[in-house]
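Inspection log for the structure reproduced underneath, given as structure tokens.
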Amino acid sequence: MKLNKIKYTVLACAALAVGATSCVGDLDITPKDPSKRTDLTNGLEYYNYFAQIYAGLTIAGVNNNSDISVDDGGAGVYTRQLWNLQELCTDEAFIGKNWNDAGLDELDYCTWSPDNHWLYEAMSRFTFQINLCNEFLRTIDKAASVENPIPADEIALMKREARVVRALAYYHMMDCFGRGPWTTEDSPIGVTPPRHAPRCSPKSSPTLRTPSTAEYPRLPTRYMAV
């Protein structure tokens, strides 16, 4: 009887060892969904990424999805979040009761609390836009050495435009909340939490395109940016 127990124990250990070995590397796979990319290999793809920076101000997300977690996909639109916080709290706008969206009455009557989901979603939208610009700035230099490469002077211009759009998101965040997490393309990812910067003033003024020479809707002239 004792020998049988030993035999079964040995067999069980062997089976576990085989199972554990077969699992090694099973999770090391590449995405099979063609809409999900881990690296860009063509200059046109970098232009598409660049277009998303501008599109992030007016649409909820790509492929009919919202970039942030919201109950209603349309609520994830940057300009809708900004308008709610900037206008509903003033005498310039008044929401009818037929809308009946949770949290709007509190904004309309200036009785909101920290639990108001529009506040959380607005901060999420602003910080997502900032992070989108940061990641673009981290990777755009690679566009000079891919298929259909982007010229160096165009890359430099795209960087300046991305910094202006990022500065706009910071301006809206500071205007609505007074402070917020401060990150740039040089900030380490996942190492330390971002510092919360107080209200600040612009630090630089990059030169962009001259008026009437940019493709719509790219920035045409000189703007202040951080």
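Residue numbers count from 1 along this sequence.
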Compute whether any side-chain donor of one residue and acceptor of the other, for E161 and Y54, lie under 3.5 angstrom apart. yes
Tell me, do L168 and L57 make a side-chain contact under 4.5 Å, heavy atoms counted? yes
Quick one: does D141's side chain get under 4.5 Å of I155's, heavy atoms only? yes
Those residues at least two apart in sequence (or on a different chain) that pass side-chain hydrogen bond (donor to acceptor under 3.5 Å, both in side chains) with N42 are N148
Please determine whether residues W83 and L85 belong to a single hydrophobic cluster, defined as Ile, Leu, Val, Met, Phe, Trp and Tyr linked transitively by side-chain heavy-atom distances below 4.5 Å. yes
What about the rings of Y78 and F126, do their centers lie closer together than 6.0 Å? yes
Answer yes or no: does atom CZ of F128 have more than 12 heavy-atom neighbours from other residues, nucleotides or ligands under 6.0 Å? yes
Can you find a pair of side-chain heavy atoms, one from H172 and one from F177, that are under 4.5 Å apart? no
Cut-off 3.5 Å, side chains only: do Q86 and D175 have a donor facing an acceptor? yes
Indicate yes or no for a side-chain donor-acceptor contact from N131 to the backbone of T127 under 3.5 Å, with no hydrogens or angles considered. yes
So do the side chains of L88 and L104 get within less than 4.5 Å of each other, counting heavy atoms only? yes
Rounded distance (nearest 0.5 Å) linking atom OG of S187 with atom CZ of R195: 8.0 Å
